[in-house]
Undergrad: 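Can you keep this structure in mind? I'll have questions shortly.
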Amino acid sequence: MAPASETPLPQDPAPPLRRNRNFTVFWLGQALSVLGGSITYLALPLLVLDATGSIVRMGLLTVVMGATGILTGLFAGYVVDRTDRRRLMVACDLGRAVLLGAVPFVWLAGPRLWVLYVLTAVVTVLKTLFDVAYVTSVPALVRREDLAAANARLMGTFAVGTLFGPVAAGLVTAGVGAAWALAVDGATFLVSAISLRWVAFGPAPGRTGPAEGGTVGGGTGREGCAAGSARCSPLASCSCGATGCCGR
């Protein structure tokens, strides 16, 4: 009997990358989200600084953001492995859209710093879960031979967003103020959530799991990343914890 590793695998159902509508919608939606995310990183600290004039309190917000990301990374992989990844990503996007969109209206009643610290922690948890699910969902969208090219496109978009995002964030913040800039960021997450509803995830290469419902990608995060370093892109804000996927 032939070893299990030599058993022929089913052919990947996804079309070539240049004609892959699901991946294109996924990619464009997240490109906008990357630009929007840059606004939060600039506008939140500026909002604290404007309200208090304290660089220490502004720095404390950054500490909350970093510490929450690290702690969430300890269990993010476990959560992602056991949920439908598209539904998880949509929920994370909608949660961030609501939270960030509410900031300018809360701020109309006067600065409330504790709200910003709590919001920062919750948004960071949602971001970390989203990023881990995002990276490990790529094998469910493209053919195995297109995986490296797909990840290169995503990482290239992330690099461009990281370069030009702060410029756009500065222009938006200067134009409408830090509080309303966060609402703009919330709108980008809403667009991302809508775009994900139009993406049909299939089973990961070599798996026969359901295309919709259950765990998107047909396997664990380890299976989503272990096939090659291209799957472990710097798009994740932290490691996949128990699954062992690397991240930035």
Side-chain angles (χ1 to χ4, degrees), residues 10-37 76-77 79-98 100 126-158 160-161 185-221 223-225 227-228 230-237 240 243 245 247:
Q11 189 171 5
D12 296 336
L17 192 62
R18 67 180 180 277
R19 294 190 290 107
N20 191 327
R21 185 192 69 85
N22 287 317
F23 175 77
T24 300
V25 173
F26 180 78
W27 169 51
L28 292 177
Q30 300 320 304
L32 179 61
S33 183
V34 168
L35 286 173
V79 173
V80 170
D81 281 350
R82 286 156 181 80
T83 58
D84 181 302
R85 294 178 191 176
R86 185 177 71 168
R87 292 177 181 175
L88 176 63
M89 288 188 288
V90 170
C92 289
D93 272 341
L94 291 178
R96 288 183 288 180
V98 171
L100 294 173
L126 296 176
K127 178 188 183 303
T128 304
L129 292 173
F130 180 94
D131 286 349
V132 174
Y134 170 54
V135 173
T136 55
S137 293
V138 177
L141 290 171
V142 302
R143 302 180 304 171
R144 185 175 304 166
E145 56 266 35
D146 291 331
L147 189 58
N151 275 287
R153 187 179 297 183
L154 291 171
M155 288 188 287
T157 303
F158 177 81
V160 172
D185 189 16
T188 67
F189 289 125
L190 182 60
V191 172
S192 173
I194 294 173
S195 71
L196 285 171
R197 297 297 299 172
W198 290 92
V199 177
F201 289 92
R207 305 287 292 187
T208 57
E212 300 293 344
T215 302
V216 172
T220 65
E223 290 163 337
C225 287
R231 301 188 185 186
C232 297
S233 84
L235 292 168
S237 62
C240 297
T243 60
C245 175

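Numbers for residues simply follow the sequence, beginning at 1.
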Undergrad: Would you call Thr157 and Gln30 a side-chain contact if the rule is heavy atoms closer than 4.5 Å?
TA: no
Undergrad: So, using side chain to side chain contact (heavy atoms under 4.5 Å, CB included) as the criterion, who are the partners of Leu28 when residues are at least two apart?
TA: Thr24
Undergrad: Excluding sequence neighbours, so at least two apart, what forms side chain to side chain contact (heavy atoms under 4.5 Å, CB included) with Val25?
TA: Arg21, Ser195, Trp198, Val199
Undergrad: Between Leu35 and Gly161, which heavy-atom pair has the shortest distance, and what is it?
TA: CD2-CA, 4.1 Å
Undergrad: Could you grab the distance from atom CG of Leu141 to atom CG of Asp146, nearest 0.5 Å is fine?
TA: 11.5 Å
Undergrad: Identify the two heavy atoms, one from Val142 and one from Ala150, that lie closest to each other, and give their separation to 0.1 Å.
TA: CG1-CB, 3.9 Å
Undergrad: Check Leu88 against Leu129 and note the closest heavy-atom contact, atom names and distance.
TA: CD2-O, 4.3 Å
Undergrad: Distance check, rounded to the nearest 0.5 Å: Phe130 atom CZ versus Ser192 atom OG?
TA: 4.5 Å
Undergrad: Would you compute the distance between atom CH2 of Trp27 and atom CG of Asn20 and round it to the nearest 0.5 angstrom?
TA: 12.0 Å
Undergrad: How many angstroms lie between atom CZ of Arg87 and atom CG of Leu94, to the nearest 0.5 angstrom?
TA: 13.5 Å
Undergrad: List in chain and number order the residues that pass side chain to side chain contact (heavy atoms under 4.5 Å, CB included) with Leu32, two or more places apart in sequence or in another chain; answer none if no residue qualifies.
TA: Thr188, Val191
Undergrad: Would you compute the distance between atom CG of Leu17 and atom CZ of Phe23 and round it to the nearest 0.5 angstrom?
TA: 5.5 Å
Undergrad: Quick one: does Arg85's side chain have a donor or acceptor within less than 3.5 Å of a partner on Thr136's backbone?
TA: yes
Undergrad: Looking at CG of Leu126 and CE of Met89, how far apart are the two atoms once the value is rounded to the nearest 0.5 Å?
TA: 13.5 Å
Undergrad: For Arg86 and Arg197, work out which heavy atoms get closest and say how close.
TA: NH1-O, 3.8 Å
